[in-house]
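Residue numbering restarts at 1 for every chain, and letters A, B, ... go by the order of the sequence lines. Small disclaimer: the values here were computed from a predicted structure and weren't measured.
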Amino acid sequence: MRISQYLLATVKETPADAEIISHKLMIRAGLVRKLASGLYNWLPLGLKVLNNIEKIVREEMNKSGAMEVLMPIVQHAELWHESDRWEQMGEELLRFKDRHSRDFCLGPTHEEVITDLVRGEYTSYKQLPAIFYQIQTKFRDERRPRFGVMRAREFIMKDAYSFHINEESLQNTYEQMYQTYYNIFQRLGLNFRSVVADSGSIGGNTSHEFHVLADSGEDEIVFSTKGDYAANIELAVGNLAIKNSSEARKDSEIVNTGSEHSVEAVAGLLNIGVYKIIKTLIVHGEDEEGNISDELIALLLRGDQELNEIKAQKLQGVASPLKFASDELITKKIGCGVGCLGPSNLKLRKIADHSVENLFNFTCGANQPGKHITNMNWSEGCAYDEVADIRKVQENDYSLDGGGILSVKRGIEVGHIFQLGKKYSDALNATVLDSGGKAVTMLMGCYGIGVSRLVAASIEQNHDQKGIVWPENIAPFQLIIVQIDAHKSRQVADLSDSTYEKCIEMGIEVLMDDRDKKTSPGVKFAESELIGIPHRLVISSRSLAEDAVEYTHRQHGEKQKVKTNDLIQFLVKLLSS
RNA sequence: CGGGGUAUAGCGCAGCCUGGUAGCGCAUCUGCUUUGGGAGCAGAGGGUCGUUGGUUCGAAUCCAGCUACCCCGACCA
């Protein structure tokens, strides 16, 4: 492609509404343009990258034996009523009516559609297992789209679904998909980790997420320095060192803490460690039908620890999603507001985190305005009803297995695999006959990759001061030829033209900067670096004086002179792999 | 959905407080010069100031509603 004929939509200024580096660079390099919140146009350069990533995903999926299909993005409500998700999904599901006033939605995922398809086509256990996948646009009406294509409302996803006659088969395919995902992210040259994950609203039990490591990631992932333990922080578990077990027990004392409410402020006032304070959080309960109630529940945590809301809301009787009680309600029921609460003489259901189980001589609120109790110990008047793990794991906790230390890093979720079990096949009555001629409900797995998100994730890991540094297998072009002074030098014009033609003949993805004298060399260099083309040839009268052209590698910046006679040989060697 | 903010030329912004002539940088177009790191000079084009209404002799500016977008928190590839 010749740049003079191409939409190279680079911008010099950093866009004001971009926060993270990949978003800034995707706008600056002219890969995407925003249409509306969470909706993006893919420009020619960006689409080439997206297509390259799709190609790798497709190759590896095909290699795994999965069959590619394409399902509609518009789905009718009936299917969603069958799975009971029409109501469950909430605002994320964009619903609308057709001309006959029938309910439809834009597909945020395709469990219902694929299950409907398979139940119509599959009749025998002999046809299983079967894996289907598609690479297609999804729409999720996100509350807050952000970070460009990283969290867009409309995005490209590779979603796959597998069907099985038994658990063993599901497990096998799950492991095979795990390996396929591993291969895909490996080929994309990403620094990634797989972690045990919460399956969330999609249902099912076993689940793993694949995260690209990046400081801008929205997720926190935890892994052990020894052994294989790795998990999303939402469900990560770890052990804390017990800090004051050897201390002799003292007598408790009520102290005035005035207007100090936060754990840090109280610790400072009393000159004690934050870890010796018990933090009391009050949340709403839930009745047997799952409706939020006004019954309040106290959650007890060590002062230096944070609540893991996901863990807490999974507990029996705790409102899900978790809802903190308002200050007014707490004051009404307990007699003092947030900031002076404690387990002593508190007439609520009290759930203690493991971190407070072994505390001695601790400080907690006295349930009276402006007062705390110091040197408290667990006793009849100050007790908890049950112990649970409701703590957010922290850096340097001890791993439960392997004896390692836990490390917390930020990640971008680019893949998620689930064992769904019979959730959808049961709801939609997707059965096949087993060897005994009996109808059995199929087991399912589902496997997603955020393809458009991968473009952004890759940039997060592959950039420098000057711009994007594409890995070769996803770069929009392999080679950029920059011609300088072509209007002055016949030789420059001829050599760059002939080299360009030769590259096309050889099947090399080549971009030629043939813009005229109005585009200065500086602009050409800066833009070639911004858009991150791996290899660059500069053809100018300066180097031609030595009968050579100049080659630069984008990643390590290493330059070399290549004699014009050796040029084609050089390119063949460089780019034929 | 709660809290905060923004809306003026293709992009980035000033002007608003204190009402009266539509402004800057980049980009674009023309000409000349320049040519190895986002060029210089001269000229030109381009805006119903998000939208609806109100106040006023007069509104980009003051007031109200609406809409869109962005940021911070709970959900997700």
| task | Could you check whether A:Glu19 gets within reach of a base, just the sugar-phosphate, or nothing at all, counting any heavy atom under 4.0 Å? | result | sugar-phosphate
| query | Thinking salt bridges, do A:Asp497 and A:Arg2 make one under a 4.0 Å N-O criterion? | reply | yes
| query | Which value, in whole Å, describes the distance between the C1' atoms of nucleotides B:A68 and B:U52? | reply | 15 Å
| field | A:Asn308 side-chain N/O to A:Glu234 backbone N/O, donor-acceptor pair under 3.5 Å | value | yes
| Reckon A:Lys524 touches a base, only the sugar-phosphate, or nothing at all at heavy-atom distances under 4.0 Å? | nothing
| request: Confirm from the modelled atom types if A:Arg144 and B:C71 form a donor-acceptor pair under 3.5 Å, side chain to base only. | output: no
| task | Can you figure out which of B:U34, B:C26, B:G36 approaches the side chain of A:Phe525 most closely? | result | B:G36
| At under 4.0 Å between heavy atoms, what does A:Val451 touch on the DNA or RNA strands: base, sugar-phosphate, or nothing? | nothing
| Base, sugar-phosphate alone, or nothing: which one does A:Arg153 contact when heavy atoms must sit under 4.0 Å apart? | nothing
| request: Describe the nucleic acid contact of A:Ile412 in one word from base, sugar-phosphate, nothing, applying a heavy-atom distance below 4.0 Å. | output: nothing
| field | C1' spacing across the pair B:A74 / B:U67, given as an integer number of angstrom | value | 26 Å
| said: Any strand counts, and the cut-off is 3.5 Å on both contacts for Watson-Crick or G-U wobble. Which nucleotide pairs with B:U35? | reply: none
| field | Nucleotide B:G73, atom P - distance to CG of A:Leu307 in whole Å | value | 17 Å
| message | Heavy atoms only, 4.0 Å cut-off, all strands: where does A:Glu413 land among base, sugar-phosphate and nothing? | response | sugar-phosphate
| Is the OH atom of A:Tyr182 crowded by more than 12 outside heavy atoms at less than 6.0 Å? | no
| task | Can you figure out which of B:G38, B:A77, B:U34 approaches the side chain of A:Glu142 most closely? | result | B:A77
| Nearest-nucleotide comparison on RNA chain B, the residue closer to the 5′ end among A:Gly522 and A:Arg140 | A:Gly522
| task | Would you classify A:Gly90 as touching base, sugar-phosphate or nothing, given that sugar-phosphate means primed atoms plus P, OP1 and OP2, and contacts are heavy atoms under 4.0 Å? | result | nothing
| field | Charged N-O contact under 4.0 Å between A:Glu91 and A:Arg143 | value | no
| said: Taking any heavy-atom pair under 4.0 Å as a contact, classify A:Arg536: base, sugar-phosphate, or nothing. | reply: base
| query | In whole angstrom, what separates A:Phe147's CZ from B:C72's C1'? | reply | 11 Å
| remark: Per atom distances to the A:Pro521 side chain, the nearest of B:G36, B:U34, B:C70 is B:G36
| Residue pair A:Tyr447 / A:Ser162, side-chain donor-acceptor N/O under 3.5 Å | yes
| field | Under-4.0 Å salt bridge between A:Arg153 and A:Asp141 | value | yes
| query | Taking CZ from A:Phe139 and P from B:C76, how many angstroms apart are they, rounded to a whole number? | reply | 17 Å
| Given B:U35, B:C26, B:A74, which nucleotide is nearest the side-chain atoms of A:Glu309? | B:A74
| task | Please report, rounded to the nearest Å, how far the C1' atom of B:G36 is from the CG atom of A:Asp513. | result | 13 Å
| message | Output the rounded distance in Å from NZ (A:Lys34) to C1' (B:A68). | response | 9 Å
| query | Looking at B:G36, B:G38, B:A77, which one has an atom nearest to any side-chain atom of A:Thr10? | reply | B:G38
| field | Watson-Crick or G-U wobble mate for B:G2, both contacts under 3.5 Å | value | B:C72
| So what does A:Asp159 hit on the nucleic acid, given a heavy-atom distance under 4.0 Å: a base, only sugar-phosphate, or nothing? | nothing
| said: Looking at B:A7, which nucleotide sits across from it as a Watson-Crick or G-U wobble partner, both distances under 3.5 angstrom, or is there none? | reply: B:U67
| request: Determine: side-chain N/O of A:Ser520 to OP1/OP2 of B:A39, distance under 4.0 Å, yes or no. | output: yes
| How is A:Leu39 classified with respect to the nucleic acid when contacts are heavy atoms under 4.0 Å: base, sugar-phosphate, or nothing? | nothing
| Closest contact, heavy atoms only, A:Leu170 versus A:Gly421 | CD2-N, 4.4 Å
| field | For atom CD1 of A:Ile417 and atom P of B:C76, their distance in whole Å | value | 18 Å
| request: For nucleotides B:G65 and B:U61, find the distance between their P atoms and express it as a whole number of Å. | output: 16 Å
| message | In whole Å, measure the gap between the P atoms of B:G10 and B:U6 for me. | response | 22 Å
| Would you call A:Trp42 and A:Val149 a side-chain contact if the rule is heavy atoms closer than 4.5 Å? | yes
| query | Within the structure shown, what part of the strands sits under 4.0 Å from A:Val11 by heavy-atom distance: base, sugar-phosphate, or nothing? | reply | nothing
| query | Stacking check: are the rings of A:Phe155 and B:A77 less than 5.5 Å apart at their centres and under 30 degrees in tilt? | reply | yes
| task | Searching all strands shown, indicate the nucleotide that pairs with B:A42 (Watson-Crick or G-U wobble; both distances under 3.5 Å). | result | B:U30
| request: Establish, with yes or no, whether the OP1 or OP2 oxygen of B:G38 is under 4.0 angstrom from a side-chain nitrogen or oxygen of A:Lys466. | output: no
| Are A:Lys409 and A:Phe223 in a cation-pi setup, meaning NZ or CZ lies under 6.0 angstrom from the ring centre and within 45 degrees of the ring axis? | no
| field | Integer-rounded Å distance: B:C69 P and A:His23 NE2 | value | 13 Å
| task | For B:U8 versus B:G54, give the span between their P atoms, rounded off to a whole number of Å. | result | 24 Å
| message | For B:G38 and A:Thr519 - does any side-chain N or O of the residue sit under 4.0 Å from the phosphate oxygens OP1/OP2? | response | no
| query | Looking only at atom P, what distance separates B:G50 and B:G15, rounded to whole Å? | reply | 15 Å
| task | Go through B:C76, B:C11, B:U35 for me and flag the one nearest to the A:Arg151 side chain. | result | B:C76
| query | Applying ring pair (Phe, Tyr, Trp, His ring centres under 6.0 Å), which residue pairs with at least one partner in residues 512-541 of chain A are found, sequence neighbours left out? | reply | A:His535-A:Tyr551, A:His535-A:His553
| Which part of the nucleic acid, if any, lies within reach of A:Glu92 when heavy atoms closer than 4.0 Å are counted: base, sugar-phosphate only, or nothing? | sugar-phosphate
| field | Closest to side chain of A:Ser543, choosing from B:A77, B:G36, B:G38 | value | B:G36
| query | Paired with B:C57 by Watson-Crick or G-U wobble geometry, both distances under 3.5 Å: which nucleotide is it? | reply | B:G20
| request: Determine the Euclidean distance between corresponding C1' atoms of B:C49 and B:C13; express it in Å to zero decimal places. | output: 14 Å
| said: Please classify the nucleic acid contact of A:Ala152 as base, sugar-phosphate, or nothing, using heavy-atom distances under 4.0 Å. | reply: base
| request: Between A:His487 and A:Thr14, name the one whose nearest nucleotide on RNA chain B is closer to the 5' end. | output: A:Thr14
| request: Take atom C1' in B:C66 and the same atom in B:A9, then report the distance between them in whole Å. | output: 25 Å
